[in-house]
Amino acid sequence: MTDFQPTRVTLLQRLCNDEKDDLSWEEFTDAYKRYIYLLIRGMHIDHHDAEDLTQTSLLGVWEKISSFDYSPEECKFRTWLYRIVRNKVIDHIRKANTKKNKKVEIPDAETHSDPEIYNIAEKEWRAHISDRAYSNIKGNFSEKVMQCFDLSLEGKSTAEIAATTGIAEATIYVYKQRVKDALCHEIRVLNDKWS
Amino acid sequence: MDDNEYKLNRNVSDFFDEALGLGLAEDIKLSQSDRYLPGKEIARGGMKSIESTVDTLTGREVAKALLIAKDDPEKTERFFHEARICASLEHPNIVPVYDTGFDKNGLPFFTMRLLGGQTLQKKVKNAQSSVADLIDVFVKICDAVSYAHSQGIIHRDLKPDNIQIGGFGEVQVCDWGLACSHGFKTAHSIHESDTKEYILPVTLDGMIKGTPGYLAPEQASSEKQELTAAADIYSLGAILYFILTGKAPLEDCDTLSSIQKTLAGDITPIKVFNPDASHSLTAICNKAMAVEIQDRYQSVEELKNDLLKYQHGFPTSAEEAGAWGALKLLIKRNQRIASLILVFFLVFNSALVLFLLNLSEKEKEARRAEALAIEAADQARDSEQATLEAMSMLAASEKQTRETLENLQKMTDEKKLASQKAAPRFLREGKMSFNHFEHYKALEQLNQAIELHPNIATAHEYKGRVLMSLLRYQEAEISYLRDKSTRNTFLNFVKEIKTQIPDPAKANYQDILTILSLYKKYSFATIQIEELFYSPALDFLSTEQRQDLAVDAAHIFQGFKKSEFNKMLPVISNSMPLVLYKTGLKTFDLRKHRKIKTYMIRGHATEVVMLPKVIIPSPTLEDIDACPNLKQIYISSSTELDFFKNLKVPVLNYKDIPQ
């Protein structure tokens with residue numbers, strides 16, 4: 001029961017405690033870069049601007065993270081992060097407007113209420129973590145196994161998969177279950193580590 | 001930067017919730033199939049084995065019962081039936097069932113509390129506990145069975161092996177494998193005719209259900225009989241038998257003969273194995289194990305109540321105790337009190353005997369004494385009379401004394417009160433006396449006033465003036481000092497005169513003149529001069545000296561040239577008649593005056609007085625009285641004549657004065 005204290009404390013707590021070094025920067029980037037990108041894209045920014053904004057947002061969060069009052073119980077980190085990203089985006093749009101001397105509509109992100117922010121932030125986080133978990137476990141299974149699983153993800157029934165792959169239904173069931181278990185496990189691990 | 005970095009397969013997102021869900025819930029879901037760790041067998045019966053194992057969900061150790069013959073559907077049914085029955089009974093003395101189902105090997109199982117400790121069987125065989133402790137255990141067994149009966153369940157296989165006793169006094173009835181629903185719900189409905197046996201069509205390998213010895217006759221019988229709670233009561237009796245003797249009933253018999261003996265009620269009496277067994281418990285045991293159902297206890301409750309009576313030392317219903325038996329139990333219950341009563345009884349009785357012996361001797365003595373006493377009594381009566389009289393007198397005098405004392409006390413109190421009020425009166429009287437030139441009387445009254453109330457300033461002032469006119473200057477000074485309000489003139493005068501006349505008690509004519517000079521110097525009022533002239537301190541002066549003094553005084557106070565007394569007389573009479581006091585003058589002419597004190601006329605020499613012009617001459621009357629040789633009084637025409645009507649002396653008008 002010693003691991004009751006979640007491991008996720010490590011990254012965020014380390015950062016909050018100002019223990020910033022190259023390693024933690026890398027881990028931080030790894031954990032949040034794509035997530036931030038997803039958030040920015042969610043605000044209808046094109047891929048090119050989103051890439052730039054992701055970099056500036058990452059740096060902004062990196063600088064300000066010391067002032068974030070970390071309390072895992074309240075789990076407000078992602079909401080907090082979302083606000084920083086949103087401010088960066090708004091700044092970016094305003095600058096762009098003055099430069100080009102034309103009016104680009106500020107995304108409705110500005111007017112989002114807290115629960116909406118929370119919902120968006122959570123949705124993107126789920127997608128981000130699940131996908132990363134999937135990538136991480138992919139190599140642990142044979143192609144056949146992953147094929148069965150991928151097909152089931154696409155919504156194919158076991159019978160259809162059996163027809164496609166020529167593998168017995170019972171075996172497909174077992175395959176699916178194994179990948180699912182591993183995937184769930186990895187999601188839990190990642191979520192614990194990065195939240 | 002690689003764009004793939006941002007690529008995302010959103011199909012996987014659905015697993016996020018599933019993965020995180022609740023960690024605990026996930027664990028429970030995952031571990032449901034192998035919830036119980038592989039266990040160690042701790043007991044094995046014909047139908048099931050018991051393992052001790054760990055429940056990974058709750059983390060506690062449990063006992064897991066497994067059906068041995070898993071492929072027999074009847075036995076499986078029977079097995080789950082037991083689990084259901086046991087689970088339906090929630091009582092601290094009935095082992096609780098936690099869970100039931102098929103384990104991962106497909107074996108039917110149920111789990112229940114893992115009981116530490118020993119069975120009653122072992123406990124008794126090892127002779128670890130006293131009968132009293134075992135009776136406590138037995139009462140708990142009765143509670144459990146009584147509860148089961150109230151839920152309509154009969155155990156049917158009660159025996160010491162099925163009783164678990166924990167290390168902390170927990171007692172649990174187990175193995176409800178033969179239990180069946182009885183159909184009755186309360187102990188009172190035990191005789192209801194519609195009670196039925198709901199025994200499932202399951203038989204054990206053997207012919208009989210139950211254990212020989214603990215089996216009730218109706219269970220052992222080959223005839224099909226409805227089973228009731230009475231069967232359990234019989235088994236409970238058998239357990240009590242085992243507790244008392246250490247042997248199961250019919251332990252040494254084979255199955256067949258034990259059944260025959262059970263049916264015949266041929267049980268070896270308890271006394272054979274345990275001659276010291278309590279009579280009450282033996283009686284209870286016999287009643288519970290009666291062959292005929294109607295002879296047994298009608299409910300477990302009844303059996304238990306008898307046990308409690310035994311525990312508390314009351315006669316039980318089973319032993320049908322007489323008065324003597326009840327008394328024995330009463331003494332047993334209250335051993336300490338009983339022994340105290342016994343000791344008290346012995347002491348009291350022996351004391352009584354001694355007393356009676358003593359009494360007969362005393363009686364003889366008493367007879368002798370009586371004769372003497374009668375004689376003495378006669379004498380006593382006489383003296384008594386005298387004493388009574390004396391005493392009544394004493395009482396009377398005592399009463400008087402008390403009254404006197406009370407009166408005295410009262411008087412003292414009154415005096416104290418009166419004195420507070422009286423002081424001003426004495427002062428007033430003193431002042432009055434002094435106004436009438438009664439120096440000594442005034443002094444006395446003022447002294448009294450001061451004594452009663454030392455703080456009356458005026459009294460001190462007057463006292464000082466009295467003393468001053470009596471030439472007692474030393475004392476006068478003290479009085480003036482006490483009177484804080486007094487004018488300084490008196491005090492100053494007294495201080496000065498003290499230096500000039502060191503011994504005023506022996507004052508001579510010259511001293512008087514000195515005093516007069518000082519009176520003049522301090523401008524004393526006429527009244528002070530009067531006080532001095534009429535003072536008894538000046539009585540030492542002869543008539544001649546008085547005449548000289550009159551002349552000197554007229555000189556000192558009025559500034560008249562000194563001359564012969566007779567020549568100066570008219571002037572003195574007009575201006576300062578007071579100095580004429582005791583000068584031997586025969587005729588006093590006071591016609592010139594209006595308000596004046598006439599004290600100076602007093603004396604034997606006075607013969608004629610011409611009174612001042614006053615309307616009401618009453619103040620003068622006293623002075624007139626003090627002139628015994630008075631012959632004529634002349635008054636003004638305005639003076640009321642009525643005042644003189646009591647005088648013998650002729651009262652004439654100024655007109656009548658001869659020229």
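Proteins come first, then strands; the chains are lettered A, B, ... in the order of their sequence lines, and each starts at number 1.
For a residue to count as touching a neighbouring chain, one of its non-hydrogen atoms must lie under 4.5 Å from one of that chain's; by this rule A:Ile129 touches chain B with the side chain only. When heavy atoms are compared at a cutoff of 4.5 Å, A:Leu190 does not approach chain B at all. Neither the backbone nor the side chain of A:Tyr35 comes within contact range of chain B; no heavy atoms are under 4.5 Å apart.
The environment of OH in B:Tyr147 is crowded: more than 12 heavy-atom neighbours from other residues, nucleotides or ligands sit within 6.0 Å. Around the CD atom of B:Glu61, the shell of radius 6.0 Å holds no more than 12 heavy atoms that belong to other residues, nucleotides or ligands.
Residue A:Lys123 holds its NZ atom at 14.0 Å from CZ of B:Phe16, rounded to the nearest 0.5 Å.
In this structure B:Lys122 satisfies the side chain to side chain donor-acceptor pair (under 3.5 Å) test with no other residue, sequence neighbours excluded. By the side chain to side chain donor-acceptor pair (under 3.5 Å) test, B:Arg44 pairs with B:Glu41, sequence neighbours left out.
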